[in-house]
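Below: the structure, in structure tokens.
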Amino acid sequence: MFNIKSKFSKSDKLFLSNKSRLIGQIEIPGDKSISQRALIIGLISNGNSKIQNILESEDVIHTMRAVILLGGKVSIKNDILEIRGVGLGNITSPPKPVYMGNSGTGTRLLLGVVAGSNATVTFYGDDSLTNRPMSRVIIPLKKMGAKFVSHEEGRLPLTVIGARRKGIILPIEYTTPMPSAQVKSSLILASLTARGTSKIIEKSRTRNNTEEMLINCGVKIISRYTKNKRYLTQLEGMQYINSFDVRVPGDPSTAAFLAVAAIITKNSKIELKNIYYDKFRLKIFFVLKKMGAKIDIKKNNRGNCDITVESSNLKNLIIPAKDSSALIDEYPILSIAASSANGKMIMKGLKELRFKESDRLTAIFKGLSQSGIKTELIKDTLIIQGRKNIRGGNIINASNDHRMAMSFNILSLITKSPIIIKGNSSIRTSFPLFFDSLSILGVNIKRDEN
């Protein structure tokens with residue numbers, strides 16, 4: 001475990017041949033969001049927790065190392081990661097700054113953990129993470145009593161001084177200004193040590209992995225829609241967190257890349273195994289089905305699902321802004337599906353895409369345009385005119401963004417000339433065996449010799 005062996009380790013000059021089709025079945029690696037949350041909740045739980053099928057990626061590795069520096073005891077045996085937690089609010093101040101690599105999820109969630117403790121921790125990351133806004137969690141965590149010190153306001157590197165260092169952490173009632181599961185999760189983790197009831201209100205619902213995992217650890221959390229159609233998450237502080245055993249299900253976001261690859265290539269049919277079954281997380285598959293994709297989703301005996309996907313003729317449609325929180329990580333690969341579909345795809349309410357590992361909204365627009373696809377960007381609405389013959393033959397700079405790199409690699413499967421990606425190494429943050437998985441399914445992977 002955590003010794004990732006890929007036969008495509010030197011990936012920066014690889015591209016996918018348009019003379020490919022996908023056939024067969026493959027097990028989807030563990031969900032990145034759940035893997036990181038399992039490590040973090042394991043840190044603040046009481047006793048030993050066991051995690052199976054944890055994702056072996058750079059983001060998860062950085063989160064694991066951070067958890068160890070904060071006092072968690074981690075051991076790995078027979079592909080099971082065991083973590084001995086320190087209990088709620090009992091993390092330790094590490095002897096050195098904590099490096100988070102590219103992991104925005106790990107960083108924002110740990111900011112909440114530290115805010116509710118008596119520890120002092122400095123976090124830093126790579127160039128991409130350093131440019132990502134942290135003020136969205138810093139502002140509410142300051143209201144709860146935590147202190148932050150940074151060279152540039154709201155950016156890494158920054159130092160967090162836990163609220164309990166000089167007093168107590170205050171409960172909070174807070175409406176998030178944007179739909180973000182990371183912000184909500186950070187506030188939930190901080191609220192666990194607060195004296196009183198905290199309420200986090202969202203204008204639209206986001207994924208609830210943190211809440212589900214905490215509930216399974218014995219924490220009482222109320223989640224419901226309010227009368228004015230806001231989504232409320234409410235919890236009492238000072239609750240006991242039990243240790244847990246979990247098998248991490250396959251990542252729906254990862255599965256989406258392979259699914260779209262099969263849908264847009266001729267004579268393809270694949271089965272994707274053991275994927276997390278959650279209708280919110282599976283939203284992209286329902287959108288693809290509405291576009292005409294041949295997709296069959298079947299629950300399996302583990303409570304997850306297997307998804308069969310075939311080559312399909314797609315028809316573009318309008319995706320309203322209200323769906324953006326469920327599709328935020330999938331818009332890059334969904335834009336690739338739209339590129340080969342009939343008609344015009346209109347995706348609304350994409351503002352949050354500007355604050356990911358890169359400005360994904362601008363990157364999608366520029367990348368599709370450079371590849372020969374008629375694309376318009378009007379404020380936060382992206383319009384894509386699908387076509388059957390796509391020129392390609394261009395170079396895309398993925399700007400250290402794994403989802404952009406994977407998406408435009410998939411587009412290369414159907415372009416007249418290959419698309420070359422600068423920044424394939426970023427894929428290791430979430431799906432290190434991306435090229436290996438495609439190769440297993442029959443994709444012809446070539447190396448650019450220029």
Side-chain angles (χ1 to χ4, degrees), residues 8 10-22 127-128 131 256-266 268 314 316 329-347 350 353-354 356-378 381-431 434-435 437-439 443-450:
F8 299 102
K10 296 181 179 180
S11 60
D12 272 340
K13 289 195 173 184
L14 298 179
F15 66 90
L16 308 186
S17 169
N18 59 9
K19 296 179 180 179
S20 299
R21 66 170 184 158
L22 286 76
D127 290 343
S128 175
N131 286 318
F257 291 99
L258 303 180
V260 170
I263 289 168
I264 65 177
T265 53
K266 294 179 180 179
S268 294
L314 300 179
N316 278 324
D329 285 337
E330 287 74 47
Y331 279 121
I333 190 59
L334 188 56
S335 72
I336 302 304
S339 300
S340 66
N342 294 316
K344 187 179 290 186
M345 176 73 96
I346 301 175
M347 304 185 204
L350 306 187
L353 281 178
R354 298 187 184 278
K356 290 295 185 176
E357 283 82 341
S358 65
D359 178 351
R360 283 183 181 161
L361 184 52
T362 300
I364 293 170
F365 167 70
K366 288 183 177 179
L368 293 180
S369 300
Q370 291 168 7
S371 302
I373 299 156
K374 186 178 179 181
T375 313
E376 294 179 77
L377 179 55
I378 304 173
T381 295
L382 187 68
I383 303 170
I384 302 168
Q385 180 65 57
R387 57 180 302 169
K388 294 304 177 187
N389 297 308
I390 302 172
R391 184 186 70 245
N394 52 308
I395 297 173
I396 298 286
N397 187 340
S399 300
N400 294 317
D401 190 324
H402 55 121
R403 296 194 192 278
M404 297 307 303
M406 288 188 283
S407 296
F408 280 97
N409 269 296
I410 297 299
L411 181 60
S412 185
L413 287 169
I414 57 170
T415 53
K416 293 179 181 178
S417 300
I419 296 174
I420 306 300
I421 311 297
K422 286 186 176 181
N424 275 335
S425 59
S426 64
I427 295 171
R428 293 197 297 265
T429 64
S430 66
F431 193 2
F434 172 73
F435 289 106
S437 299
L438 288 166
S439 178
V443 172
N444 187 8
I445 298 172
K446 295 186 176 183
R447 187 171 297 277
D448 179 31
E449 300 299 338
N450 294 327

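This chain uses plain numbering: 1 for the first residue, then up along the sequence. Any value given below was found using the heavy atoms of this structure, including those in side chains, with hydrogens, waters and symmetry copies removed.
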Hey, mind stepping through S371 and N394 against side-chain hydrogen bond (donor to acceptor under 3.5 Å, both in side chains) and telling me if it holds? CA-CA 6 Å; S371 302; N394 52 308; 3.2 Å; yes
Contacts of type side-chain contact (heavy atoms from CB on, under 4.5 Å), residue N342, not counting sequence neighbours: K388
With sequence neighbours excluded, residues passing side-chain contact (heavy atoms from CB on, under 4.5 Å) with S128: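 In terms of side-chain contact (heavy atoms from CB on, under 4.5 Å), with neighbours along the sequence ignored, S128 is linked to N102, D126, E357, N400.
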What heavy-atom pair brings [X] and [Y] nearest, and what distance separates the two atoms?
X	Y	result
R354	L377	NH2-CD2, 4.1 Å
A405	S426	CB-OG, 3.9 Å
I445	F435	CD1-O, 3.1 Å
I384	N316	O-ND2, 4.0 Å
S20	L413	CB-CD2, 3.9 Å
I420	F15	CD1-CD2, 3.6 Å

In sequence, state the C-alpha distance, the side-chain angles, and the governing distance for F257 and R403, and then conclude on side chain to side chain contact (heavy atoms under 4.5 Å, CB included). CA-CA 9 Å; F257 291 99; R403 296 194 192 278; 3.8 Å; yes
Heavy-atom side-chain contact between T415 and N18 under 4.5 Å: no
Hey, could you give me the [atom1]/[atom2] distance between [X] and [Y], rounded to the nearest 0.5 Å?
X	Y	atom1	atom2	answer
L411	I419	CG	CD1	4.0 Å
K344	I383	NZ	CD1	6.0 Å
T381	E376	OG1	CD	10.5 Å
S268	L258	OG	CG	11.5 Å
M406	I421	CE	CD1	11.5 Å
I373	Q370	CD1	CD	11.0 Å

side-chain contact (heavy atoms from CB on, under 4.5 Å) partner of L16, the single match among N409, I414, T265, N444: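 For L16, the side-chain contact (heavy atoms from CB on, under 4.5 Å) test succeeds with only one of N409, I414, T265, N444, which is N409.
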Audit row: M404, I396, side chain to side chain contact (heavy atoms under 4.5 Å, CB included) steps and yes/no: CA-CA 9 Å; M404 297 307 303; I396 298 286; over 6 Å; no
For residues 389-401, which residue pairs qualify under salt bridge (Lys or Arg N to Asp or Glu O under 4.0 Å), counting only residues two or more places apart or in two chains? R360-D401
Full working for side chain to side chain contact (heavy atoms under 4.5 Å, CB included) between Q385 and R387: CA-CA 7 Å; Q385 180 65 57; R387 57 180 302 169; over 6 Å; no
Answer yes or no: is there a donor N or O on one side and an acceptor on the other, between the side chain of S335 and the main chain of P332, under 3.5 Å?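 Looks like yes, one N/O pair under 3.5 Å.
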Only one of S430, S358, S425 clears side chain to side chain donor-acceptor pair (under 3.5 Å) with H402; which?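 Looking at S430, S358, S425, the match for H402 under the side chain to side chain donor-acceptor pair (under 3.5 Å) is S430.
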